[in-house]
Amino acid sequence: MSVTLAELATRFGCELHGNADTVVDTVGTLDNAAERAISFLANPQYRSALQRTRAAAVILEPAFAEGCPVAALITTDPYVTYARIARFLYPAPAHEPGIHPTAVVDDDADVAATAQIGAHAIIGAQTRIGEGVSVGPGAVIGNNVSIGAGTYIHARVVLMDDTRMGERCVLHPGAVIGADGFGFAREETGWLAVPQLGKVVIGDDVNIGVNTAIDRGSIDDTVIESGVILDNLIQIGHNVRIGEHSALAGLCGVAGSARIGRRCMIGGAVVINGHISICDDVFITYHSTVLRSIDEPGKYSSSFDADKAQRWRRNATRFRRLDAQLRRRARK
Amino acid sequence: MSVTLAELATRFGCELHGNADTVVDTVGTLDNAAERAISFLANPQYRSALQRTRAAAVILEPAFAEGCPVAALITTDPYVTYARIARFLYPAPAHEPGIHPTAVVDDDADVAATAQIGAHAIIGAQTRIGEGVSVGPGAVIGNNVSIGAGTYIHARVVLMDDTRMGERCVLHPGAVIGADGFGFAREETGWLAVPQLGKVVIGDDVNIGVNTAIDRGSIDDTVIESGVILDNLIQIGHNVRIGEHSALAGLCGVAGSARIGRRCMIGGAVVINGHISICDDVFITYHSTVLRSIDEPGKYSSSFDADKAQRWRRNATRFRRLDAQLRRRARK
Amino acid sequence: MSVTLAELATRFGCELHGNADTVVDTVGTLDNAAERAISFLANPQYRSALQRTRAAAVILEPAFAEGCPVAALITTDPYVTYARIARFLYPAPAHEPGIHPTAVVDDDADVAATAQIGAHAIIGAQTRIGEGVSVGPGAVIGNNVSIGAGTYIHARVVLMDDTRMGERCVLHPGAVIGADGFGFAREETGWLAVPQLGKVVIGDDVNIGVNTAIDRGSIDDTVIESGVILDNLIQIGHNVRIGEHSALAGLCGVAGSARIGRRCMIGGAVVINGHISICDDVFITYHSTVLRSIDEPGKYSSSFDADKAQRWRRNATRFRRLDAQLRRRARK
């Protein structure tokens with residue numbers, strides 16, 4: 001799609017510096033933008049690239065407008081504006097409704113006429129697939145599942161029986177929703193599996209990453225509220241509840257019955273203990289561990305930056321004796 | 001299923017307080033139990049919920065019987081008793097034997113008449129599927145695989161060639177058993193793949209979680225002994241051996257040739273070094289790292305609880321200079 | 001295959017101690033080798049096993065030749081020589097070319113006559129499958145994908161649209177290449193998905209482990225250079241670049257736009273921050289966190305070995321007050 005800067009400025013509420021008739025038809029990074037590309041500057045770390053850009057125009061904050069060597073669309077939130085413009089230039093392709101002949105759809109399933117069911121997909125009994133839903137190739141949808149309008153299920157996703165999924169969600173390949181939680185009672189003779197009788201309930205506009213797992217509840221349900229975004233390879237245990245608009249980065253683990261508030265941002269590979277609560281608006285940095293509940297909004301951390309291994313080892317050795325040494329000193 | 005408290009008390013060896021004729025037909029948490037539900041109190045953290053429960057009856061320890069406002073089934077291990085009662089009220093549904101017409105089963109496979117093979121499943125040559133086994137939709141079972149009676153393979157599981165799987169195991173969706181281990185020899189020109197010639201041998205009553213990977217051995221086999229339970233998204237390297245009844249929570253990684261004893265409990269996201277041994281009855285807390293062998297049973301840890309980021313950063317900065325500072329001080 | 005030690009010594013450039021006519025036809029570990037097996041000693045940790053081995057011959061360094069109780073093939077790099085001999089004794093089985101009748105191949109796909117397409121595999125439009133490629137059962141290959149000659153795609157792999165894959169790569173089951181990166185702009189009303197318009201470009205001789213995810217670029221591409229080896233359950237964010245011959249062990253996470261140099265070795269479960277650079281020849285130990293760029297080759301670490309939990313907790317409590325205490329002391 002081709003569009004003038006004038007039209008972009010009007011449509012997305014930006015101030016325009018430069019030639020209003022300039023046409024753009026693609027996007028690009030500051031460093032690699034083609035001649036008819038629009039770029040953006042959102043992370044000040046990349047500020048130096050602004051000087052050398054060949055983009056047709058750059059979306060940026062007022063503070064950087066002065067030094068921009070090309071046309072500029074000025075806005076208070078360049079990344080959001082970039083996202084909107086990119087969505088405008090690259091609209092999601094419409095899918096063709098219909099059920100692929102190799103799909104296996106139960107006679108008792110209720111598939112909307114506008115839905116698309118891919119090759120080798122499997123749809124169970126009493127399952128309801130809403131308007132405009134796409135079920136990707138090889139996806140397996142169990143019995144008594146409900147998928148709201150406009151949700152996009154990518155290839156090889158598995159939704160186990162009873163899962164409730166809202167509207168406009170996106171599930172990336174390999175995600176598995178509603179498998180049994182890790183519930184076992186310890187007997188003298190070993191582990192006794194506890195029936196996992198709850199389900200998974202997912203709100204609207206939820207994003208679930210590649211190969212991420214969300215377990216069904218043991219009695220009550222596991223709940224992912226609307227607007228939550230989950231990255232790849234995340235483990236969500238049974239009976240977890242994640243509040244609206246929270247974001248979890250890749251490889252996070254949330255143990256059973258933990259509760260995460262709204263608008264939390266959890267960095268990659270963070271581990272959250274079971275049966276604890278994290279309040280709204282908490283930010284946890286990469287690779288931290290949360291063992292106890294957090295009741296106060298703010299930024300939390302428990303990971304160390306890598307150091308030269310020799311120095312690290314010496315410090316770690318000191319750490320191992322820290323308490324013993326301080327006790328000894330206190331006794332003197 | 002409906003049952004009286006009298007029958008439950010008799011069948012599961014509990015002392016009954018309250019009306020023996022009360023009928024229950026479902027389970028519930030203390031907080032959300034319906035009128036005809038049986039609940040349980042196993043984690044003292046939820047003790048306050050006992051007072052407000054509307055359950056018909058609660059399974060609990062003698063110590064809590066006094067304060068129980070409704071009928072009580074008293075037992076020394078309420079969680080095990082709950083598990084047994086829930087299994088009694090919600091028996092696993094019997095599956096219908098037979099091979100789905102879309103499944104691709106090799107002529108040389110040996111599939112028991114009582115087994116169920118799901119839609120789009122694939123079964124290789126010389127593979128033996130035991131009595132009552134269920135192979136879920138889209139599962140891929142290689143050549144020369146053996147699956148013992150009563151094992152349940154969920155959707156999209158992959159068992160690579162030569163895998164030996166015992167009886168009554170459960171494999172959750174997306175698990176991959178028997179892929180090549182990460183074995184490469186470093187040459188000047190790059191990495192040379194080392195043939196991975198061993199297989200994976202799994203005992204009876206093993207549980208394997210969603211998207212968990214267990215690699216085949218490089219020469220000898222990778223072995224998961226009977227009664228082991230593995231949660232979701234776990235990585236088990238080649239030639240690992242895990243002893244009977246050990247439990248590993250989600251996102252754990254066990255590097256090649258490590259040995260874990262019996263009845264160990266490994267918390268979520270724990271990383272275990274290769275070529276080390278952990279003895280029986282070791283408990284490792286969440287997100288710890290085990291670099292050296294552990295020879296003494298007990299509880300081990302190496303993870304920090306998240307702290308306010310500003311304080312954490314200051315402490316981490318001090319840590320970085322800990323050894324240097326102590327040396328300096330020692331020289332004075 | 002049967003072969004004499006004389007032939008092995010000649011073919012793989014080793015010095016032979018012992019009977020040149022001894023025949024071997026299999027491989028074995030020092031401890032479990034059968035009578036006609038060849039074994040190796042590469043890790044000095046297993047040196048004591050050399051004395052008791054029943055192997056026909058052992059591949060080892062000159063330093064260990066003296067004490068070897070059986071025939072020896074002497075070489076400076078026993079592990080590389082073992083790998084070559086094992087590949088010679090166990091050549092990869094040739095696959096039968098052809099498209100399985102249950103595969104769904106788009107009319108516009110270009111599949112080489114020597115390629116093998118497995119049962120229930122799906123191949124999209126404008127996709128090019130090179131000579132000798134194997135696409136495993138249930139794999140899903142999108143539109144406009146290119147797969148170089150000799151690449152082996154295992155069961156249930158997903159390659160999303162536009163992925164470029166070199167020659168002789170191996171992708172293990174469940175790997176997902178080219179799904180959308182985790183790109184969202186924060187609006188007042190929630191998260192706005194940013195179109196992910198780049199692709200994934202993978203060089204030659206790349207190994208990608210089970211259930212590993214590599215996200216497509218947001219604007220520019222995500223790039224995995226030739227000779228890179230990635231273990232299982234790894235998360236590679238959008239716009240990451242990994243240099244030639246680097247190796248990442250299982251459960252690593254690399255956040256968006258990070259750059260990793262050549263010949264790096266990243267231990268299991270290491271987490272690498274986004275938008276940072278790691279230079280060539282860096283070795284990061286297990287479970288470390290890399291928050292800032294690393295500009296100097298060498299070994300880096302930030303993980304602690306597990307300690308007895310009681311001692312660990314005491315030390316961690318001291319750590320929590322470290323800065324406060326040192327400040328207090330400094331004020332005195």
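FYI, side chains are in, hydrogens and waters are out, and symmetry mates aren't considered; it's all heavy atoms of this structure. Lettering of chains follows the sequences in order, A, B, ..., and the numbering in each one begins at 1.
Ranked by heavy-atom pairs under 4.5 Å with chain C, the list B:Val104, B:Thr317, B:Asn239 is led by B:Val104. Comparing B:Glu296, B:Arg292, B:Arg314, B:Arg311 by heavy-atom pairs within less than 4.5 Å of chain C, the highest count is held by B:Arg314. Ranked by heavy-atom pairs under 4.5 Å with chain B, the list C:Asp305, C:Val170, C:Leu233 is led by C:Asp305. Note: B:Ser303 leads B:Ser288, B:Cys252, B:Ser303, B:Ala269 in heavy-atom pairs under 4.5 Å with chain C. Comparing C:Leu322, C:Asp307, C:Val210, C:Asp77 by heavy-atom pairs within less than 4.5 Å of chain B, the highest count is held by C:Asp307. In terms of heavy-atom pairs under 4.5 Å with chain C, the best-connected choice from B:Val290, B:Ile294, B:Val158 is B:Val158. Heavy-atom pairs under 4.5 Å with chain B peak, among C:His100, C:Arg313, C:His172, at C:His172. Of the residues considered (C:Gly209, C:Gly227, C:Pro137), C:Pro137 shows the highest number of contacts with chain B, using heavy-atom pairs under 4.5 Å. Contact tally against chain B (heavy-atom pairs below 4.5 Å) for C:Asn211, C:Thr102, C:Asn32, C:Leu89: the top residue is C:Asn211. Chain B forms the most heavy-atom pairs under 4.5 Å with one residue out of C:Gln325, C:Arg327, C:Glu244, C:Arg320, and that residue is C:Arg320.
Contacts of C:Arg87 with chain B are made by both backbone and side-chain atoms, with heavy-atom separations under 4.5 Å. With a threshold of 4.5 angstrom between heavy atoms, C:Leu291 does not approach chain B through any atom at all. In this structure, the portions of C:Ile229 lying under 4.5 Å from any heavy atom of chain B include both its backbone and its side chain. Only the side chain of C:Asn207 has a heavy atom closer than 4.5 Å to any heavy atom of chain B. With a threshold of 4.5 angstrom between heavy atoms, B:Leu251 approaches chain C through its backbone and through its side chain. Proximity to chain B is absent for every atom of C:Phe88, based on heavy atoms less than 4.5 angstrom apart. Looking at C:Val80, both its backbone and its side chain come within 4.5 Å of chain B, counting heavy atoms on both sides. In this structure, chain C has no heavy atom under 4.5 Å from any part of B:Arg321.
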Point to revise | Pair B:Thr127-B:Asp106, side chain to side chain contact (heavy atoms under 4.5 Å, CB included): steps then yes or no | key: CA-CA 9 Å; B:Thr127 282; B:Asp106 193 279; over 6 Å; no
Review point. Going through the distances and angles, do C:Tyr79 and C:Phe40 end up as a side chain to side chain contact (heavy atoms under 4.5 Å, CB included)?
Key: CA-CA 7 Å; C:Tyr79 194 46; C:Phe40 69 99; 3.6 Å; yes
Contacts table for residues 175-195 of chain B: side-chain donor-acceptor under 3.5 angstrom, sequence neighbours left out:
| unit_1 | atom_1 | unit_2 | atom_2 | d |
| --- | --- | --- | --- | --- |
| B:Glu187 | OE2 | C:Arg84 | NE | 3.4 |
| B:Glu187 | OE2 | C:Arg84 | NH2 | 2.3 |
| B:Trp191 | NE1 | C:His245 | O | 2.8 |

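Taking the ring centroids of C:Phe304 and B:Phe319, they lie under the 6.0 Å cut-off.
Side-chain contact of C:His287 with B:Thr289: a donor-acceptor pair under 3.5 Å is present, judged by distance alone.
You'll find the side chain of B:Ile214 reaches within 4.5 Å of the side chain of B:Leu230, heavy atoms only.
Residue pairs satisfying the side-chain hydrogen bond (donor to acceptor under 3.5 Å, both in side chains) criterion with at least one member in residues 37-47 of chain C, sequence neighbours excluded, are listed as follows: B:His275-C:Tyr46.
Under the side chain to side chain contact (heavy atoms under 4.5 Å, CB included) test applied with B:Ile99, the options B:Ile129, B:Ile123, B:Ile117 reduce to a single match, B:Ile117.
With hydrogens and angles disregarded, a donor-acceptor distance shorter than 3.5 Å links the side chain of C:Thr212 to the backbone of C:Asp231. Using a distance-only test at 3.5 Å, with no hydrogens or angles considered, a donor-acceptor pair links the side chain of B:Arg216 to the main chain of B:Asp161. Using a distance-only test at 3.5 Å, with no hydrogens or angles considered, no donor-acceptor pair links the side chain of C:Ser226 to the main chain of C:Gly203.
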